[in-house]
Amino acid sequence: MASKSGDESFSQLEIDTLNQLYSILENDEYTVSSRMDQMEFSVKPYDIEGAYWPLEMNAEILKDNVYFSKKINMDYSVLLEKRYVKPEEMTSYQRADYEYYVNEYENFFLSGRHLIFAEMTFKVKHWKDAGEYRFKPTHIKLYKITRNNRLIKTYDLDEFSFFTVSPSVEYRNAQQYFADSAAIDAFVENENKKEELALAVEKEKPVIRFEKRRSFYLAADIEDFKPSDINISNLKINNIEGFLTWGINDYLFGGIGITYDIDSMESDAVYGFNGIFGANICITDFIRPFAKIGLNARSDDRWILKVGCGTDIKFGHFMLLTSFDYNWNRRMGESTDPNTHYSSVTAGFGITW
């Protein structure tokens, strides 16, 4: 039995009740809100270089035992809920729109108008010594003030601090104290392992984003390519092509190109004039997969419809690319001419920006 004071002791029932209360305390999550005046919340002037509004939050919680202070940056795209375009890429309309909204919100914030509010969620865990607790904030959530207070951003937090409540009374005997200390050490070790695993998974996870496919490239095209029956000695380059592509938006692109038929070198030269349309995404900073459809109008009165997919491999502004296409080849104006179907593979290099 442990001492309450000099000659008092806790019964087992009291100890069990305390442990249940600690369990309830630790399994719950708590929230303080600037909307309820539980936390000071301020918006600082807009940072033009970083395209964000600095935010500051301060709160004294748990009967002033914990002082919480945090600074975060609220991106332009978070508050406006629209995509941010870099100034050098803005059209005149986009620039006017951008400057209008920045000035409008700056005036709102300077006048003290409440457009957004913040909530901080946290957890509390009883630690090793009597009256010792760990305070761990988990998230900051930003809400835009509307009829239903719309959540616009959640920031994950990875920090903690300790505080002690006084007066405190030790209810455990030495054996129980050391057992609880060992349990805390195991808890911390397990928590660290989970964080390391989460970081490893996050590091290995492909980062998918959107980016305009602006490029100029030269490539070689091999027709009648069958992946299941590759004979290196029989592979022959059939066409050389050059393409210029531009991003219609962050995931759609168009392009034009010219093709030279190498098989026509010993006769009349055959050229093709191409148009393509496609979609792309980015996986990390290096891999940019795409799907496309294109039409090649050739000088020998044939047209070729191409549907395929491929990927760009980027190294700064230099890129390699490869694609696999399925082709429909037909002579113009001859409805009796049967379609010719074949697959092809393309590989090349170029620049992107």
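- In this pair, F109 and W53 present their aromatic rings perpendicular. The plane angle is above 60°, beyond the 30 to 60° band.
- No donor-acceptor pair closer than 3.5 Å links the side chain of E241 to the backbone N or O of I258.
- With sequence neighbours excluded, no residue satisfies ring pair (Phe, Tyr, Trp, His ring centres under 6.0 Å) with F277.
- Screening residues 177-188 for salt bridge (Lys or Arg N to Asp or Glu O under 4.0 Å), with sequence neighbours left out, gives K128-D185, R172-D180.
- Evaluation of the ring pair (Phe, Tyr, Trp, His ring centres under 6.0 Å) rule for Y101 yields no partner, not counting sequence neighbours.
- By the salt bridge (Lys or Arg N to Asp or Glu O under 4.0 Å) test, D158 is found to be paired with K136, residues two or more places apart in sequence or in another chain being considered.
- Screening residues 102-127 for salt bridge (Lys or Arg N to Asp or Glu O under 4.0 Å), with sequence neighbours left out, gives E26-K125.
- By the side chain to side chain donor-acceptor pair (under 3.5 Å) test, S344 pairs with N327, sequence neighbours left out.
- Using cut-offs of 30° and 60° on the angle between ring planes, the pair F135 and F68 is perpendicular.
- The main-chain N or O of A118 is found under 3.5 Å from a side-chain atom of S34 such that the two form a donor-acceptor pair.
- Applying the ring pair (Phe, Tyr, Trp, His ring centres under 6.0 Å) test to F318 and every residue at least two apart in sequence or in another chain returns nothing.
- For the ring pair (Phe, Tyr, Trp, His ring centres under 6.0 Å) test, no residue two or more places apart in sequence or in another chain qualifies with F187.
- For K144, the salt bridge (Lys or Arg N to Asp or Glu O under 4.0 Å) criterion is met by E81, not counting sequence neighbours.
- For Y251 and F253, the ring centers sit 6.0 Å or farther from each other.
- Legend: residues meeting side chain to side chain donor-acceptor pair (under 3.5 Å) with E223, ordered by chain and number and at least two apart, are N239.
- K70 is linked by a salt bridge (Lys or Arg N to Asp or Glu O under 4.0 Å) to E159, counting only residues two or more places apart in sequence or in another chain.
- Using the six-membered ring where Trp is involved, Y133 and Y22 have ring planes that are tilted, between 30° and 60° apart.
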Throw together a table of side-chain donor-acceptor distances under 3.5 angstrom for residues 346-353, partners on residues two or more places apart or in other chains.
| residue | atom | partner | partner atom | Å |
| --- | --- | --- | --- | --- |
| T346 | OG1 | D221 | OD1 | 2.8 |
| T352 | OG1 | R214 | O | 2.7 |
| T352 | OG1 | R288 | NH1 | 3.4 |
| T352 | OG1 | R288 | NH2 | 3.1 |

